[in-house]
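These values consider heavy atoms only, across backbone and side chains, with no hydrogens, waters or symmetry-generated copies. Here is the naming used below: chain letters follow the sequence lines, and residue numbers restart at 1 for every chain.
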Protein chains: 2
Amino acid sequence: MFEFFRKYLEDKISIAEADYQLIESVCIFKKLRKHQFLLNEGDVCTHSGFVCKGFLRKYSVNDNGIEHTVYFATENWWISDRQSLMNCTPSSYNIDAIEDAVVLLISKSNIEMLSEKIPAFKDMVNLILQRSLNATQERINYALRSTAEERYSQFLKSFPSLVHRAPRHMVASYLGITPETLSRIRKQISSK
Amino acid sequence: MFEFFRKYLEDKISIAEADYQLIESVCIFKKLRKHQFLLNEGDVCTHSGFVCKGFLRKYSVNDNGIEHTVYFATENWWISDRQSLMNCTPSSYNIDAIEDAVVLLISKSNIEMLSEKIPAFKDMVNLILQRSLNATQERINYALRSTAEERYSQFLKSFPSLVHRAPRHMVASYLGITPETLSRIRKQISSK
DNA sequence: AAAAATTCTTGATAAATATCAAGAGAAGTG
DNA sequence: CACTTCTCTTGATATTTATCAAGAATTTTT
């Protein structure tokens, strides 16, 4: 499974063979069956996850028991609760598998170790951070200023492959609308 | 004016006197009168800004001429268009002064230079990045899953001092609601 | 393959928020 | 100080989206 991550790295940075071995030595692989959890609300997130295979989501549950999907992750995406990881505080999110998955885990301290020993790795981590921030800010813009239909269209455009893999009600909660509204929007769009 | 930034830095990192001089040598100070622009839509953002004094906002204008405030910045906050800065692409945002302001500017290349020469500076930049990402993700959660009233209450809690400094319609657009709705929400809250 | 559980759609109604319009207050300008 | 411009509030109405309820379609389990 390491080859997936290796390919990802080769694509982004250029490092020595010894460094790949160092990286591999701290990777932990975790298989998840559908519905199995990678992180439970209340637990402290201790590892960053890189998705080798499968499909996961991150979500919170409000007081009324309603789930709010905040993030999807598929092959070559990272997933974790950065806030919990950074501050060692209990997470307010759950992460579980939508499809059977294999996730590569690296502990917080090993991420720091690798960042120190491999400058290019550190730069990559920072680049990812910057990209995430840009994407997240883009998403805020859409969330605040667009109608439900526009948000769904944007989602389709940004993540065409996810739409078919994610159950509709999760997409709806990602967009901040109810499943019923999403169903009506889809009907409207298809009739155009 | 540099002393404002120096205090900020002293609070966050520990660096040598020579480093402060290096930093100061690349700082540019810009005074802005109310309504004056720091960045215009269409221009490439070339500098990161640190607010020494005053109050600014970042906003975009949609096809109908409606302004969407995406960010406020006051003393000790950073402001820039990260996306434009990172990719050297035209910005889709405007940044202007809500109150007379003094902004300390550091060019992209000098940020990179400082990051290289002063490791603690680089770490600080990354820490800020992480914090911004956390804050931005928090904001998405609120935007998608809360009512207008909850969003306003959260804004009050997070930025009590900004509420009095920012015109209401800018707060409204920051929250993704109309000024009229904000006005009604304020009335409701005060009658409780 | 049948049964059970989950997911999706549709309709009727309710609630939240936007839009349009008008006027009151406040602040900036000559 | 009077005038203009901006900002904020309030009311009436329209639109969007949520909620509740039921049934159809799909998937999972037995």
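The OH-P distance, from Tyr152(A) to dT17(D), rounds to 15 Å in whole Å. Following rounding to the nearest Å, Gln188(B) (CD) and dC8(D) (C1') show an atom-to-atom distance of 17 Å. In this entry the distance linking CZ of Arg151(A) with C1' of dT16(D) reads 11 Å, nearest Å. A straight line from CZ of Arg145(B) to P of dA18(D) spans 14 Å, rounded to a whole angstrom. In this structure, Ile189(B) atom CD1 and dC8(D) atom P are separated by 16 Å, rounded to whole Å.
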Pairs under 3.5 angstrom only: tabulate donor-acceptor contacts from the side chains of residues 22-44 of chain B to other protein residues two or more places apart or in another chain.
unit_1: Ser25(B); atom_1: OG; unit_2: Leu22(B); atom_2: O; d: 2.6
unit_1: Arg33(B); atom_1: NE; unit_2: Asp100(B); atom_2: OD2; d: 3.4
unit_1: Gln36(B); atom_1: OE1; unit_2: Arg33(B); atom_2: N; d: 2.7

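When each of Phe72(A), Phe159(A), Phe50(A) is tested with Trp77(A) by the rule ring pair (Phe, Tyr, Trp, His ring centres under 6.0 Å), just one qualifies, namely Phe159(A). A side-chain hydrogen bond (donor to acceptor under 3.5 Å, both in side chains) with Asp81(B) holds for exactly one of Ser48(B), Ser92(B), Ser91(B); it is Ser91(B).
With a heavy-atom cut-off of 4.0 Å to chain A, the contacted part of DNA chain C has its first and last nucleotide at dT7(C) to dA12(C).
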> For every nucleotide of nucleotides 22-30 of chain D, 5' to 3': is a protein heavy atom under 4.0 Å from its base (B), only from its sugar-phosphate (S), or from neither (-)?
Replying inline: ------S--
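For Tyr8(B), the side-chain hydrogen bond (donor to acceptor under 3.5 Å, both in side chains) partners two or more places apart in sequence, or in a different chain, are Trp78(B). Residues that satisfy the salt bridge (Lys or Arg N to Asp or Glu O under 4.0 Å) test with Glu112(B), not counting sequence neighbours, are absent from this structure. Taking Asp19(B) as the reference, nothing meets the salt bridge (Lys or Arg N to Asp or Glu O under 4.0 Å) condition, with sequence neighbours excluded. In this structure, the side chain to side chain contact (heavy atoms under 4.5 Å, CB included) partners of Asp123(A), at least two apart in sequence or on a different chain, are Lys122(B). Shown here are the salt bridge (Lys or Arg N to Asp or Glu O under 4.0 Å) partners of Arg165(A), two or more places apart in sequence or in another chain: Glu75(A), Glu99(A). For Tyr142(B), the side-chain hydrogen bond (donor to acceptor under 3.5 Å, both in side chains) partners are Gln154(B), not counting sequence neighbours. Listed by chain and residue number, nothing satisfies the salt bridge (Lys or Arg N to Asp or Glu O under 4.0 Å) test with Glu150(A) (two or more places apart in sequence, or in another chain).
For the pair Arg186(B) and Tyr152(B), the cation does not sit on the ring face, since its NZ or CZ is not both under 6.0 Å from the ring centre and inside 45° of the axis.
Overall bending of the helix from dA1(C)-dT30(D) to dG30(C)-dC1(D), expressed as the angle between end axes built from five pairs apiece, is 50° (10° steps).
With DNA chain D read from its 5' end, the first of the two nearest nucleotides for Thr147(A) and Ala166(B) is the one closest to Ala166(B).
The stretch residues 169-180 of chain A touches DNA chain D through Gly176(A), Ile177(A), Thr178(A), Glu180(A), each having a heavy atom under 4.0 angstrom from the strand.
In summary, Glu10(B) and Arg6(B) engage in a salt bridge, as defined by a charged side-chain N under 4.0 Å from a carboxylate O.
A sub-4.0 Å separation between OP1 or OP2 of dT9(D) and a side-chain N or O of Arg168(B) is present.
The environment of NZ in Lys108(B) is crowded: more than 12 heavy-atom neighbours from other residues, nucleotides or ligands sit within 6.0 Å.
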